[in-house]
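Comments concern the structure below.
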Amino acid sequence: MDALVPVQSAGQRLPVRLVSASLHRCIGSVSIRRLVSGFAMDTRISSRAPSQFTIRSQQSDLKESLGVATSSDLRIKEWEVDMYQNELAISQGIRIRRKPPSKAPLGYSGPFELRLLNGQVADSPSNILEEITWFKDQEVSRMKELNPIEALKKAVENAPPTKDFVGALRTAHQRTGFPGLIAEVKKASPSRGILKENFDPVEIAQAYERGGAACLSVLTDQKYFKGGFEKLEAIRSAGVKCPLLCKEFVVDPWQIYYARTKGADAVLLIAAILTDLEITYLLKLSKKLGLAALVEVHDEREMGRVLGIEGIELVGINNRSLETFKVDISNTKKLLEGEHGRQIREKDMIVVGESGLFTPDDIAYVQAAGVKAVLVGESIVKQNDPEKGIAGLFGKNISQT
Ligand SMILES: O=C(O)c1ccccc1NCC(=O)[C@H](O)[C@H](O)COP(=O)(O)O
């Protein structure tokens, strides 16, 4: 019996079988589908094996056997599922915690008791990505109440078809000989503050399209980037033809449905905050809804993980450390060297160089490293005329070539 799940250190793999077996015991008749952050997983639990972990009164056992869990049982179970999810993430080397650490609910007795006694955990976010992720988790819970998934699924059925994001990048690369440009519509960022005061997202998007952008990236996060879904919708409704990336911090499948209903053609999946299983599932869901997925990595470990996942066509290498904000475009080169680069070429994936690209030399540098697309925000959005900004970035007008 695995009464005590061993605490995993970073880099060690926590067997999924062990996690599911333990979840099985903890959750009893409650569907994991509802509990693991809304992620629909294959494992639907139906067994009513008695829990080794939770102390229940005879009365609550009776209630549960009748399918009526007490609210305190549910709190304990939800908390414990969060803890297992953290363990799984840690075992994959993910340092970003998805939620602030919380104390065990009253009455909890189980494997995490020992863990809690041992360590002092920081209860403030350790970097900006973690802060954004914690906020997003809360924000998505609120948004889900206002826009239930059933309504979104209906809206998706009636939504117009999506545009071919990956195809647009390949075509632009072949047409211009330069990496296909994903031009970012971004008013502000945590590292740079406000980038443009008089910010008209539709005007900027139209200027980017005239300037030869293959695709656009639209920030939808309000709090940290001053973006919004209304901006994505407005750009789509204005008749812009470029495929649109919904630039969000996805922590829940609900967001994929929501992005689809708001006019997105592609979504961003950030490996630093998602487990392999989550990426796999979100990728499948995106494809099912007709969306492309840009899977973003920051380091070699994340690149290795992503290369082990089937079905990824677009990999973004972010040159910005989300922990220190330092931008270093040699990160793109480093991650495309050796075995990883070989696998990427073999799989014919499109690599997108992201962040910190300002000059034709920067573009030439990441192109020589192997990228077929670039994602650029600051250097073009700040220009009075973003259309000319694109010509400046590439050293020539790429709309005509
Ligand atoms: O830009 C930030 O400060 C930032 C902070 C935390 C998470 C993500 C962040 N940026 C998102 C991006 O990756 C960039 O918007 C994108 O790659 C374009 O970068 P740039 O051309 O340097 O504006």
Side-chain angles (χ1 to χ4, degrees), residues 94-96 98 125-137 139 169 179-196 199 201 204-205 208 211 213-228 231-232 244-251 266-274 293-299 302 314-332 335 350-363 365-366 371 373-383 386 389-390 392-394:
I94 298 171
R95 296 190 304 276
I96 302 295
R98 285 278 280 280
S126 39
N127 58 52
I128 185 67
L129 186 55
E130 193 162 84
E131 183 185 324
I132 296 172
T133 305
W134 291 5
F135 182 79
K136 198 54 70 180
D137 183 66
E139 184 185 74
L169 290 177
L181 172 64
I182 308 172
E184 189 150 278
V185 181
K186 161 168 86 165
K187 179 171 170 131
S189 75
S191 58
R192 297 284 197 247
I194 299 284
L195 294 164
K196 201 179 185 85
F199 184 84
I204 294 168
Y208 282 161
C215 300
L216 307 183
S217 160
V218 184
L219 263 304
T220 49
D221 175 80
Q222 215 286 322
K223 182 172 161 78
Y224 296 92
F225 292 85
K226 308 230 172 293
K231 296 185 170 69
L232 183 69
L244 305 180
L245 169 71
C246 171
K247 194 84 184 295
E248 244 312 333
F249 295 84
V250 172
V251 291
V267 289
L268 178 72
L269 304 177
I270 303 177
I273 57 178
L274 298 167
L294 171 60
V295 184
E296 180 179 286
V297 302
H298 296 85
D299 58 28
E302 288 171 10
L314 270 183
V315 180
I317 298 180
N318 203 328
N319 298 313
R320 176 177 286 110
S321 158
L322 299 179
E323 289 164 15
T324 63
F325 285 153
K326 202 171 152 268
V327 176
D328 178 1
I329 65 170
S330 72
N331 196 40
T332 295
L335 268 58
I350 294 191
V351 178
V352 184
E354 301 178 8
S355 300
L357 302 171
F358 286 84
T359 65
D361 282 352
D362 292 342
I363 299 292
Y365 177 84
V366 290
V371 310
V374 287
L375 196 163
V376 183
E378 180 179 351
S379 68
I380 48 178
V381 82
K382 276 173 100 168
Q383 306 300 322
I390 293 178
L393 173 69
F394 284 86

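Just so it is clear, the model here is predicted, and its values are computed rather than measured. Each ligand, and each atom within it, is numbered from 1 in the order the structure gives.
- When atom types are taken as modelled, the side chain of N319 and the backbone of E354 share a donor-acceptor pair closer than 3.5 angstrom.
- Taking a cut-off of under 4.0 Å to the non-hydrogen atoms of K186, the atoms of ligand 1 that pass are 14 (C), 15 (O), 18 (C), 19 (O), 20 (P), 23 (O).
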- Check the pair L195 / K186 against side chain to side chain contact (heavy atoms under 4.5 Å, CB included), numbers first and verdict last. CA-CA 8 Å; L195 294 164; K186 161 168 86 165; 3.6 Å; yes

Kindly indicate, with the supporting measurements, whether the criterion side chain to side chain contact (heavy atoms under 4.5 Å, CB included) is fulfilled by Y365 and L357.
-> CA-CA 10 Å; Y365 177 84; L357 302 171; over 6 Å; no

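- Of all protein heavy atoms, the one lying nearest to atom 6 (C) of ligand 1 is L322 CD2, 3.6 Å.
- In this structure, K226 fails the cation-pi test against F199, since its NZ or CZ atom is not both closer than 6.0 Å to the six-membered ring centre and inside 45 degrees of the ring normal.
- Listed by number with element, the atoms of ligand 1 under 4.0 Å from a non-hydrogen atom of S191 are 1 (O), 2 (C), 3 (O).
- Of all the atoms in ligand 1, the ones that sit under 4.0 Å from a non-hydrogen atom of L375 are 16 (C), 17 (O), 18 (C).
- Counting heavy atoms from C-beta on, the side chains of F135 and P125 never come closer than 4.5 Å.
- Ranking protein heavy atoms by distance to atom 16 (C) of ligand 1, first place goes to E184 OE2, 3.4 Å.
- Scored by the ring pair (Phe, Tyr, Trp, His ring centres under 6.0 Å) test, F394 finds F178 as partners (sequence neighbours excluded).
- In terms of protein heavy-atom proximity, atom 17 (O) of ligand 1 is closest to S355 OG, 2.7 Å.
- Ligand-side atoms of ligand 1 in range of G356: 20 (P), 21 (O), 22 (O), range being under 4.0 angstrom from any heavy atom.
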Is there a side-chain hydrogen bond (donor to acceptor under 3.5 Å, both in side chains) between D361 and T359 once you walk through the steps? CA-CA 5 Å; D361 282 352; T359 65; 5.1 Å; no

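- Remark: ligand 1 atoms within the under-4.0 Å shell around heavy atoms of F325 are 3 (O), 5 (C).
- Within the structure, ligand 1 lacks S379 among the residues with a heavy atom less than 4.0 angstrom away.
- Take K136 and apply the salt bridge (Lys or Arg N to Asp or Glu O under 4.0 Å) test, not counting sequence neighbours, and it matches E139, D221, E248.
- In summary, the atoms of ligand 1 found under 4.0 Å from a heavy atom of K247, numbered by their order in the structure, are 11 (C), 12 (C), 13 (O), 14 (C), 15 (O), 16 (C).
- Among all protein heavy atoms, the one lying closest to atom 1 (O) of ligand 1 is R320 NH1, 3.1 Å.
- The closest approach between a heavy atom of L357 and any atom of ligand 1 is not below 4.0 Å.
- In this structure, F225 is part of the shell of residues with a heavy atom less than 4.0 angstrom from ligand 1.
- The atoms of ligand 1 that sit less than 4.0 Å from any heavy atom of G377 are 18 (C), 20 (P), 21 (O), 23 (O).
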Fill in: Test side chain to side chain contact (heavy atoms under 4.5 Å, CB included) applied to L232 and C246, step by step
CA-CA 7 Å; L232 183 69; C246 171; 4.2 Å; yes

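- Summarising the local packing, CZ of R95 is surrounded by 12 or fewer heavy atoms from other residues, nucleotides or ligands at distances under 6.0 Å.
- Those atoms of ligand 1 with a heavy atom of V376 less than 4.0 angstrom away are 21 (O).
- N318 ND2, 2.9 Å is the protein heavy atom nearest to atom 13 (O) of ligand 1.
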